[in-house]
J.: 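Sharing a structure below in structure tokens format, with a few things to ask.
Reminder, nothing fancy here: chain letters follow the sequence lines and each chain counts from 1. Hydrogens, waters and symmetry mates play no part in the numbers below; they use all other heavy atoms, side chains included.
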Protein chains: 2
Amino acid sequence: MILNDRKIKILEAIINDYVATAEPIGSRTIAKKYNLGISSATIRNEMSDLEELGLIVQPHTSAGRVPSDKGYRLYVDHLMHSRELTGAETKALKELVNQNLNHIDYLMKQTAKVLSMLTRYTTVVTEPKGREIKVKHIQLVPVDERSVVCVVVTDNKVIKNHVISCRLAPDMDELNRISAMFNMLLKQCDIMTLDEKSLDAITEKFGGYKELAADIAEAVKRTVEEEEDVQFYASGVNNILDFPEFSDVGKARSFFQAFEEKKMLITLFGQNPSGTPGKIQIVIGGENNMEELKDCSIVRANYKYGNNTYGTIGVIGPTRMNYSQTVSLLNAIVKSINNVIKASEDEDNGG
Amino acid sequence: MILNDRKIKILEAIINDYVATAEPIGSRTIAKKYNLGISSATIRNEMSDLEELGLIVQPHTSAGRVPSDKGYRLYVDHLMHSRELTGAETKALKELVNQNLNHIDYLMKQTAKVLSMLTRYTTVVTEPKGREIKVKHIQLVPVDERSVVCVVVTDNKVIKNHVISCRLAPDMDELNRISAMFNMLLKQCDIMTLDEKSLDAITEKFGGYKELAADIAEAVKRTVEEEEDVQFYASGVNNILDFPEFSDVGKARSFFQAFEEKKMLITLFGQNPSGTPGKIQIVIGGENNMEELKDCSIVRANYKYGNNTYGTIGVIGPTRMNYSQTVSLLNAIVKSINNVIKASEDEDNGG
DNA sequence: GTTAGCACTCATCTCTCGTGAGTGCTAACT
DNA sequence: AGTTAGCACTCACGAGAGATGAGTGCTAAC
């Protein structure tokens, strides 16, 4: 059976209507609302064909039709045209990049917030990660007589604090001296690849502060491990409650529960190595293999951050999602933050 | 009408049963389940009296009775006996304090997590705050050519990072010099009380780094402001969905929405100056004046952290809450973390 | 003061039936 | 051959009618 122009028009009508109303659409509704110049009976015949093609389904015998996952797939792959951003949307994006987002954490958080606000779906942003993270610099800072904080700065500009307890904290000058020694060490070797013995040999050099040195090494290692572990920011998780698909508390609960599982988040939003940065990827309904999320779709894109370092921005909402709006917004936002990041990198290199 | 022993027994039976089942309790149920040695008819008469006293209410004519806010109030004030902790509970608390919680942030987060896990209610912990926060120490750390991070350590041991952008970041030695100068300055005067002009005069001294100095001052001020603003950790917010009281999505939604409003959180969980640390406070149902939370109760306590510095731990759940368990757990947890904090303070002073 | 008995209330469940949206099929029309 | 009007059929949904049962209040007797 051939998918002619008229069938496509009808499929589009069904998708548009269903996205807006969440109600199955009947042939008469299409005949009345969309002036296709054909009667409801003809539309019925065409709908029967569309169902045979697996593009739409009937929830029950005497109901209208709703798009199937396959129908949405056809739509997003071939029929959907990108939408212009509205004034409000453009304005919100401008405000986002104009904020002084000099810390990657804030940039991620704000991005998630803005995107979830504009789409009314749930947004997840992952911190940019690559395979090899290097520690650029550490600095010890006094806290009190019994503890110092070790500030670790990585080459992807993440800054982490680790409090270290010690019997008697060295004074500031001493801390600066130790920090400097450690920074020298960091330049010479990759602390992550050192085994216990070599590490012991090195901390030996620190003489009186052997224990402290070991703790610092530990803090540095932990930072790298934490960094190589993916970090998520989610925003608008509760928005899901606004959709009739989740008006059943059990469903909402299982959505939230799925969201608390990191493994699931990594599968859905962890960076996809094969994905070219900027390219939008769409996962529709059951295409993700998670029972709890079979009525959800994910729209996501990687953004580039430094060499071989990617983060992901993703939007998750009901399968009945406004794909065209979501894709347009995600496109725009990825472009924006790529520019912000690029600008800051150029500054680094040019300055 | 006098509240005799028998009436009290009946009230307790109603509360216990209702907390467990969330169903209105009838006279026959009480007669069968609790061997009070009286018939259902007598219980009916007593229940009629209890209703007249405003301690229980009838949802509708032919239903059993449920405790009123006033009934719960009487219960928690006079009838409730503290419950022994179970083995699992004791174990979880021990694990909490045994973790190396050397950073106040982690301690708060873990506390919230453990308490929400044990109670299955929502837990909110506020960072310890006092009126006057002093900045003890700052340290500049290089990030890249165009930015440095300013690490601020306050006297309540909170550590905050602020990224500062500058045209050309000074090298490490220079940063250490500037940090040292600033730390001197911090000892001499309270940076928060300085007006624009005096601040200008001081940053003048920094010569070439006037701009940077101003940014540092800004970062320090921001830290103090952020610190004086209350910070919350919530855990188990989704637990509310497990209660039939919130099986209506609308209700759940409005609970979540209320929870996103900081003002509300401050009212409910912000430290209560009049509350003695360790003393448990209970707010039942409509006693908080928030329409969205009129079916919720709050159990909270302040814990002491340093001089005149208090944080709050609070549990929020349905009015039909297991008060006795919650109070016992909260008591134990407040004691535990007070001990942890005390130990670390003693170390400070003794070491 | 306590209790058995009884009439009464009312939420809840089930069943039925009417309604209406929607379909599929067929026959007639273009 | 494609299109359309017509019609029988399906089925979710809502309203209404009982039936059920948990629970109450009242009264009279113990």
Side-chain angles (χ1 to χ4, degrees), chain A residues 1-11 13-15 17-18 20-68 71 244-245 247-248, chain B residues 1-11 13-15 17-18 20-68 71 244-245 247-248:
Chain A
M1 193 182 318
I2 203 86
L3 197 63
N4 60 20
D5 198 52
R6 196 167 69 183
K7 284 191 177 61
I8 286 176
K9 278 218 176 72
I10 291 171
L11 177 62
I14 292 172
I15 291 178
D17 226 71
Y18 187 64
T21 64
E23 303 273 310
I25 324 298
S27 53
R28 232 170 82 86
T29 312
I30 296 178
K32 271 191 291 182
K33 261 177 128 171
Y34 303 81
N35 291 321
L36 302 181
I38 47 177
S39 78
S40 68
T42 311
I43 293 173
R44 269 203 292 287
N45 289 332
E46 297 287 44
M47 279 167 90
S48 172
D49 290 354
L50 285 171
E51 185 161 18
E52 213 175 299
L53 288 165
L55 298 171
I56 57 178
V57 288
Q58 235 178 328
H60 57 85
T61 323
S62 71
R65 307 299 215 290
V66 302
S68 68
E245 283 92 334
S247 64
D248 174 53
Chain B
M1 195 182 317
I2 204 84
L3 196 62
N4 62 19
D5 198 51
R6 195 167 68 185
K7 284 192 177 60
I8 286 176
K9 278 216 176 74
I10 292 171
L11 177 63
I14 292 171
I15 290 178
D17 226 70
Y18 188 65
T21 64
E23 303 273 309
I25 324 297
S27 53
R28 229 170 85 87
T29 312
I30 296 178
K32 272 191 292 183
K33 260 175 128 172
Y34 303 80
N35 291 321
L36 301 181
I38 46 177
S39 78
S40 67
T42 311
I43 293 172
R44 271 204 290 287
N45 289 333
E46 298 288 44
M47 280 166 91
S48 171
D49 290 355
L50 285 171
E51 185 160 17
E52 212 175 301
L53 288 165
L55 298 171
I56 56 178
V57 288
Q58 235 178 329
H60 56 85
T61 322
S62 71
R65 307 301 215 288
V66 302
S68 68
E245 284 91 334
S247 64
D248 174 53

J.: Between dG22(C) and S40(A), is there an OP1 or OP2 to side-chain N/O distance shorter than 4.0 Å?
T.: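 No, no such contact exists.
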
J.: Can you tell me if T29(A) touches the phosphate of dA21(C), counting only side-chain N or O atoms and a distance under 4.0 Å to OP1 or OP2?
T.: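 For dA21(C), OP1/OP2 do not have a side-chain N/O of T29(A) under 4.0 Å.
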
J.: Nearest to the side chain of R65(A), which nucleotide is it out of dG24(C), dT10(D), dT3(C)?
T.: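 Minimum distance to the R65(A) side chain belongs to dG24(C).
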
J.: Using atom CG of L50(A) as one end and atom C1' of dG24(C) as the other, report the distance to the nearest whole Å.
T.: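 From L50(A) CG to dG24(C) C1': 16 Å.
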
J.: Can you find a side chain N or O atom of T61(B) that sits less than 4.0 Å from OP1 or OP2 on dT9(C)?
T.: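 The answer is no; no side-chain N or O of T61(B) sits under 4.0 Å from OP1 or OP2.
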
J.: Nearest whole Å is fine: how far is dG23(D) C1' from Q58(B) CD?
T.: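 The distance from CD of Q58(B) to C1' of dG23(D) comes to 8 Å, rounded to the nearest Å.
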
J.: In whole Å, I'd like the distance from the CG atom of L36(B) to the P atom of dT2(C).
T.: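 In whole Å, dT2(C) P and L36(B) CG are 12 Å from each other.
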
J.: What are the two closest non-hydrogen atoms of I25(A) and I14(A), and how far apart are they?
T.: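 Residues I25(A) and I14(A), closest heavy atoms: CG1-O, 3.9 Å.
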
J.: Atom CG of N45(B) and atom P of dT3(C): how far apart are they, to the nearest Å?
T.: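 So the two atoms are 10 Å apart, to the nearest Å.
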
J.: Within the 4.0 Å heavy-atom criterion, would you say R28(B) contacts the bases, only the backbone, or no part of the nucleic acid?
T.: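 No contact.
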
J.: Where the side chain of S48(A) is defined as all heavy atoms beyond and including C-beta, which of dG25(D), dC10(C), dG24(C) is the nearest nucleotide?
T.: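 Selected nucleotide (nearest to the side chain): dG24(C).
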
J.: Expressed in angstrom and rounded to an integer, what is the separation of R6(A) atom CZ from dT3(D) atom C1'?
T.: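 Going from R6(A) (CZ) to dT3(D) (C1'), I get 8 Å.
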
J.: Round to a whole Å and report the spacing from CE of M47(B) to C1' of dG25(D).
T.: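 Roughly 12 Å, once rounded to whole Å.
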
J.: At less than 4.0 Å, is any side-chain N or O atom of S62(A) found next to OP1 or OP2 of dA21(C)? Yes or no.
T.: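 Indeed not, no polar side-chain atom of S62(A) lies that close.
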
J.: Go through dT2(C), dG24(C), dT4(D) for me and flag the one nearest to the A41(A) side chain.
T.: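 Ranking dT2(C), dG24(C), dT4(D) by closest atom to the A41(A) side chain puts dT4(D) first.
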
J.: Looking at R44(A) and dG24(C), is any side-chain donor or acceptor paired with a base atom of the opposite kind under 3.5 Å?
T.: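 When only heavy-atom distances are counted, R44(A) does reach the base of dG24(C) through a donor-acceptor pair under 3.5 Å.
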
J.: If I take atom CD1 in residue I10(A) and atom C1' in nucleotide dT3(D), what distance separates them, rounded to the nearest angstrom?
T.: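 Value for this atom pair: 13 Å.
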
J.: Show the nearest heavy-atom pair for residues D17(B) and T29(B), with the distance to one decimal.
T.: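 What the structure gives for the nearest pair is OD2-CG2, 4.4 Å.
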
J.: According to the Watson-Crick and G-U wobble definitions, with both distances under 3.5 Å, which nucleotide is paired to dG18(C)?
T.: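 Result: dC13(D).
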
